[in-house]
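Take a look at the structure set out below.
Positions are given from 1, in the same order as the sequence printed here.
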Amino acid sequence: MARERMKITRPDQTGFGKSVQTGRPKLGAIDPEAIKGFKQPAAKAPELNPQTTEQPVTDLPPDPETAPVPQPKVGAEPGKVPPPAPSTLSAPPEMERKKREKPVDSGLAELVLPPRSQAGRNPIQITLRLRALERHVPPLQELEARGFPREAVLRSAFKNMPKVRFEPRYVPQVQEVSAGNEWAWRFSPGVSPDVLTQIAAQVRDGDKAPRSALLLGQVEPDWFASLDETIERLLK
């Protein structure tokens, strides 16, 4: 069904016949005189007259003939150069006075430490693996069967060996077949860096060699002798 059109009884009810009034004021016509003012060229700045410009006055050095000759001071010896004037960059009197003053005695003693020896300073801890030889395995297994754990046997042998003292000389390791790592005893002695450097200098490419390999040659003879004696004593 089509919609019914709106019925208009009077032509002014829609407002189409009225003019819209705004608050903006009406602009008048442009003044022709103002347009002529924009077309005129800008005024040039006044040029300076080169004849009226004055050159800056500079102080010329005095004529050598008319320059005053410096007179020597009264009491000065002829031919002797006078001492230079004191420098303005010298220390102020306050600082000079503080330098001459003695420090105030606070009654506290100065800390004095005894001199340290350079030999054996700051030792390096290096872990060494004291191996058991292949010939040690059968008697160690027999001791385990009798109730002596291998760790207890190796500890006893280590305690009975002489104290380790490294010397600055290279000693090759004992050339006998080693047992497995499970039969080894490990400890970490301290070694002087100077001693270690001297040992490495005696070996070709010693600076690249393992540090433990440079030291074990001095320990293994006493270790094997102590391990042989401990095994023999426990087997009796």
Side-chain angles (χ1 to χ4, degrees), residues 91 95 98-99 101-236:
M95 296 181 61
K98 291 183 178 180
K99 291 181 180 180
E101 290 181 355
K102 295 182 178 180
V104 180
D105 187 7
S106 60
L108 300 177
E110 296 292 337
L111 180 62
V112 180
L113 299 177
R116 294 184 179 181
S117 174
Q118 297 296 329
R121 188 177 181 183
N122 298 329
I124 303 174
Q125 299 293 328
I126 300 177
T127 300
L128 301 181
R129 183 178 66 89
L130 300 179
R131 60 192 176 116
L133 301 177
E134 190 177 33
R135 61 181 175 84
H136 291 138
V137 175
L140 288 174
Q141 291 176 340
E142 183 178 352
L143 289 175
E144 283 186 329
R146 294 185 183 184
F148 295 99
R150 71 181 70 177
E151 183 178 356
V153 178
L154 297 176
R155 181 185 299 109
S156 178
F158 178 74
K159 290 183 177 179
N160 292 333
M161 67 178 291
K163 187 177 181 180
V164 179
R165 296 183 182 276
F166 293 103
E167 299 179 0
R169 59 187 179 90
Y170 172 70
V171 178
Q173 291 184 247
V174 176
Q175 297 300 304
E176 289 192 49
V177 182
S178 303
N181 290 334
E182 65 273 15
W183 302 97
W185 179 263
R186 292 173 175 81
F187 79 114
S188 300
V191 186
S192 171
D194 296 336
V195 173
L196 189 61
T197 302
Q198 295 180 37
I199 297 175
Q202 302 173 21
V203 183
R204 180 178 300 173
D205 296 333
D207 55 340
K208 302 178 182 178
R211 294 181 295 183
S212 59
L214 299 174
L215 302 173
L216 280 172
Q218 298 189 37
V219 185
E220 283 187 344
D222 293 336
W223 162 248
F224 291 145
S226 179
L227 183 58
D228 291 338
E229 190 274 331
T230 301
I231 293 175
E232 184 179 358
R233 174 170 51 83
L234 294 177
L235 287 175
K236 291 182 180 179

*Any chance CD of Glu232 has more than 12 other-residue heavy atoms, nucleotides or ligands included, within less than 6.0 Å?*
no
_Close side-chain approach of Leu154 to Glu151, heavy-atom, < 4.5 Å_ = no
*Is the backbone N or O of Pro168 less than 3.5 Å from a side-chain atom of Gln202, with the two atoms forming a donor-acceptor pair by type?*
yes
Name the atoms and distances for all side-chain donor-acceptor pairs under 3.5 Å in residues 177-190, with sequence neighbours left out.
unit_1, atom_1, unit_2, atom_2, d
Ser178, OG, Arg131, NH1, 2.4
Asn181, OD1, Arg129, NH1, 3.1
Ser188, OG, Thr127, OG1, 2.9

Identify each donor-acceptor pair in which a side-chain atom of residues 210-219 lies under 3.5 Å from a protein atom, sequence neighbours left out, and give them as a table.
unit_1, atom_1, unit_2, atom_2, d
Gln218, OE1, Glu167, N, 3.0
Gln218, NE2, Glu167, O, 2.9
Gln218, NE2, Arg169, O, 2.8

_Any Val153 side-chain heavy atom under 4.5 Å of His136 side chain_ = no
*Between CZ on residue Phe166 and CD1 on residue Ile126, distance to nearest 0.5 Å*: 7.5 Å
*Kindly give the heavy-atom pair with the smallest separation between Thr230 and Ala157, and that separation in Å.*
OG1-CA, 3.5 Å
*Check side-chain contact (heavy atoms from CB on, under 4.5 Å) between Arg146 and all other residues, then give those that pass, not counting sequence neighbours.*
Glu142, Phe148, Leu235
*Roughly how far apart are Leu130 CG and Leu227 CG, rounded to 0.5 Å?*
9.5 Å
*Look at Asp228 together with Arg135 and state whether they make a salt bridge at an N to O cut-off of under 4.0 Å.*
yes
*Of all the heavy-atom pairs spanning Ser226 and Met161, show the shortest one and how long it is.*
OG-N, 3.5 Å
